[in-house]
Amino acid sequence: MEIGCVWMRRTGMNCLVVLKKNPIRPTPPNRFSLPLLNTNLYSISSLNFSPLGSASVPKWGSYCSSSAASLIPSDHSMDCSNAVGIGGGVSKVLVKGMRYDELEKWVQSHGYRPGQALMLWKRLYGDNIWAHCSDELEGLNKSFKKMLSKFAEFQALTLKDIRTASDGTRKILFTLDDELVIETVVIPCKRGRTTVCVSSQVGCAMNCQFCYTGRMGLRRNLTAAEIVEQVVFARRLVSSEVGSITNVVFMGMGEPLHNIDNVIKASEIMVDEQGLHFSPRKVTISTSGLVPQLKRFLHESTCALAVSLNATTDEVRNWIMPINRKYNLKLLLETLRDELQHKHNYKVLFEYVMLAGINDSFEDARRLIDIVQGIPCKINLISFNPHIGSPFKPTSDEKMIVFRNILAEAGCMVFLRLSRGDDQMAACGQLGNPGEIQAPRLRVPAQFQMAL
């Protein structure tokens with residue numbers, strides 16, 4: 001029997017709230033359900049609950065849950081994200097969850113040459129095929145295709161719906177094997193650039209107060225296959241209509257660096273020259289500021305980094321972004337300052353969602369200039385996109401322009417980012433479906449109560 005639960009850590013006490021019974025699919029026990037960060041973060045898990053404190057690692061045969069594995073501390077990590085249990089004791093492997101070197105070894109383990117792995121890889125990601133089943137693997141020999149049909153699974157997602165906004169933005173809803181739903185956004189641009197915004201988690205544990213996804217809490221991490229397939233699916237579905245997808249941003253549902261193993265793996269698959277072949281500078285991973293994971297990312301990945309800043313003081317950021325209580329502005333910015341000294345010609349993108357009366361004063365603009373000094377960066381000013389139940393309001397266009405001009409006159413590289421897809425809840429901060437049980441609102445500081 002599967003249950004959902006909400007873990008809340010507010011007063012040092014752990015509290016379990018049962019959401020619902022779900023007989024759809026039995027899943028392996030998860031003994032590592034607590035949020036990884038000791039701050040006001042909220043995790044909603046769709047996995048079975050087992051008493052905490054057990055020292056043993058769960059065993060569940062051929063079926064492996066990436067969400068359980070991803071919550072195991074790094075010194076107990078295990079790679080089980082690709083196995084899918086089927087009847088008769090045979091395990092199918094999700095091939096889109098493998099890097100090329102892993103795929104090559106897997107193909108060789110079944111008695112086939114490495115060249116066959118390259119041919120398969122190109123049919124998954126290159127040559128405009130983007131295969132979703134063995135029937136689409138033209139050009140492979142019959143024996144190899146027969147082996148793949150028996151032991152390989154090609155599709156990690158099921159298309160649920162596509163919603164098109166008035167500006168041409170498309171929100172794609174996918175159903176996962178456990179019936180959870182994620183959202184991916186394709187954003188066409190008249191200048192020939194088309195961006196796909198991918199999700200890295202179902203929900204999010206960060207509880208940023210202005211973000212609709214944050215209302216969900218964290219349900220589970222996505223596997224590398226589930227992340228990669230969002231891009232593959234997007235290419236299959238919309239390339240003929242909007243042209244080639246040129247950019248990928250990890251700015252959909254979830255905190256990417258909270259799922260860093262699968263995010264780094266997925267991004268490596270995306271930039272592989274024989275496959276999806278995105279430039280590393282065209283694949284951007286966003287974070288709310290998980291400092292240890294941020295340092296690891298900068299050491300291990302060549303992809304671009306975006307940091308959601310959204311405030312110029314700890315007082316405001318502690319409220320609207322609770323992660324700041326764990327890793328404050330000084331630590332975050334000093335880490336970036338130190339780490340970027342060793343990366344040549346690399347700029348971090350600071351994202352700044354403008355909230356009327358909260359973080360949009362001209363004093364904020366001047367503080368922002370000061371706190372980013374010494375950090376090679378670009379700054380995106382983003383209009384807040386309203387959603388149901390949010391107390392925040394967007395800053396006026398006129399004030400955003402003045403705010404931008406203050407930054408530009410001080411020598412900052414700054415851009416205004418227009419809302420896209422907001423009439424279909426596809427804009428920044430609008431993804432997800434919180435449901436009845438939601439992460440709690442945090443207390444509003446007294447000086448901002450009138451602004452709300």
Side-chain angles (χ1 to χ4, degrees), residues 165-167 169 171 183 185 187 195 197 199 203-204 206-216 249-255 284 286-289 306-313 315-324 329 349-365 367-368 378-407 412 414-434 438-445 447-452:
S166 57
D167 61 10
T169 299
K171 180 164 79 168
E183 299 179 1
V185 180
I187 310 165
T195 299
C197 177
S199 295
C204 184
M206 300 299 109
N207 198 23
C208 295
Q209 297 293 285
F210 51 84
C211 179
Y212 196 53
T213 310
R215 310 302 314 134
M216 296 177 64
V249 294
F250 284 68
M251 299 179 185
M253 298 168 64
E255 161 56 63
T284 302
S286 178
T287 181
S288 59
V307 175
S308 295
L309 200 58
N310 304 324
T312 60
T313 67
E315 181 181 24
V316 174
R317 204 165 189 266
N318 285 345
W319 164 39
I320 64 173
M321 299 183 69
I323 188 63
N324 197 73
L329 275 171
L349 173 65
F350 284 119
E351 300 169 295
Y352 197 91
V353 176
M354 300 196 68
L355 308 170
I358 306 300
N359 64 358
D360 63 347
S361 70
F362 301 144
E363 289 76 14
D364 279 304
R367 274 195 299 267
L368 183 55
K378 299 176 286 186
I379 301 172
N380 263 3
L381 301 180
I382 304 170
S383 180
F384 168 69
N385 297 298
H387 49 79
I388 297 171
S390 173
F392 298 103
K393 300 179 180 65
T395 299
S396 68
D397 292 345
E398 295 76 14
K399 191 169 186 179
M400 286 185 69
I401 291 171
V402 176
F403 196 101
R404 178 201 63 185
N405 291 344
I406 293 173
L407 299 179
C412 296
V414 57
F415 307 92
L416 288 179
R417 197 166 107 192
L418 301 177
S419 293
R420 298 293 304 273
D422 54 335
D423 59 332
Q424 287 293 335
M425 287 292 287
C428 178
Q430 290 185 328
L431 302 186
N433 183 10
Q438 299 186 11
R441 297 282 184 192
L442 302 184
R443 182 181 60 83
V444 179
Q447 67 268 39
F448 297 116
Q449 290 178 2
M450 291 298 295
L452 301 182

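Because the structure is predicted, anything quoted here is derived from the model rather than measured.
Of all heavy-atom pairs between Ala426 and Thr169, the closest is CB-CG2, 4.2 Å. When every heavy atom of Lys399 is checked against every heavy atom of Asp360, the shortest pair comes out as CE-O, 3.0 Å. Of all the heavy atoms in Ile320 and Phe210, the pair that sits closest is O-CE2, 3.8 Å. Here the shortest heavy-atom pairing between Val316 and Ala311 reads CG1-CB, 3.8 Å. Looking at every heavy atom in both residues, Gly289 comes nearest to Ile323 through O-CG1, 4.1 Å. The two atoms that bring Met400 and Thr395 nearest to each other are CG-CG2, 3.8 Å, heavy atoms only.
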Would Leu418 and Asp167 count as a side-chain contact (heavy atoms from CB on, under 4.5 Å) if you check the C-alpha gap in whole Å, the side-chain angles of each, and the deciding distance to 0.1 Å?
-> CA-CA 11 Å; Leu418 301 177; Asp167 61 10; over 6 Å; no
Take Arg443 and Gln449 through the side-chain contact (heavy atoms from CB on, under 4.5 Å) test and state the conclusion after the steps.
-> CA-CA 10 Å; Arg443 182 181 60 83; Gln449 290 178 2; 5.6 Å; no
Would you sort out whether Glu183 and Met253 count as a side-chain contact (heavy atoms from CB on, under 4.5 Å), showing the intermediate values?
-> CA-CA 7 Å; Glu183 299 179 1; Met253 298 168 64; 4.1 Å; yes
side-chain contact (heavy atoms from CB on, under 4.5 Å) between Thr312 and Asn359, worked out | CA-CA 7 Å; Thr312 60; Asn359 64 358; over 6 Å; no
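Below 30°, between 30° and 60°, or above 60°: for Tyr212 and His387 the angle between ring planes is between 30° and 60°, a tilted geometry.
For the side chain to side chain donor-acceptor pair (under 3.5 Å) test with Ser308, the passing option among Arg317, Glu351, Glu255 is Glu351; the others fail.
Listed for the Lys171 side chain is a donor-acceptor partner under 3.5 Å among the backbone atoms of Met425. Under the 3.5 Å distance criterion, the side-chain polar atoms of Gln424 are left unmatched by any main-chain donor or acceptor of Gly421. With hydrogens and angles ignored, the 3.5 Å screen pairs a side-chain donor or acceptor of Thr213 with a backbone N or O of Leu431. Remark: side-chain polar atoms of Gln209 are paired, donor with acceptor, to backbone N or O of Asn207 under 3.5 angstrom. For the pair Asn310 (side chain) and Val353 (backbone), a donor-acceptor distance under 3.5 Å is present.
Contact check for Arg441 versus Pro391: side-chain heavy atoms found under the 4.5 Å cut-off.
For Ser199, there are no side-chain hydrogen bond (donor to acceptor under 3.5 Å, both in side chains) partners two or more places apart in sequence or in a different chain.
In this structure, the separation between CG on Leu349 and CE on Met251 is 5.5 Å, given to the nearest 0.5 Å. The OH atom of Tyr352 sits 4.5 Å away from atom CZ of Phe403, with the distance rounded to the nearest 0.5 Å. Distance check, rounded to the nearest 0.5 Å: CG of Asn318 to CG of Leu442 gives 10.0 Å. In this structure, Asn405 CG and Ile401 CD1 are separated by 7.5 Å, a value rounded to the nearest 0.5 Å. Distance check: Arg215 CZ to Cys204 SG gives 11.5 Å after rounding to the nearest 0.5 Å. Interatomic distance, Ile406 CD1 to Glu363 CD, rounded to the nearest 0.5 Å: 8.5 Å.
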Could you list the donor-acceptor pairs under 3.5 angstrom formed by side chains in residues 379-386, with sequence neighbours left out?
from, atom 1, to, atom 2, distance (Å)
Asn385, OD1, Ser419, OG, 2.5
Asn385, ND2, Cys428, O, 2.9

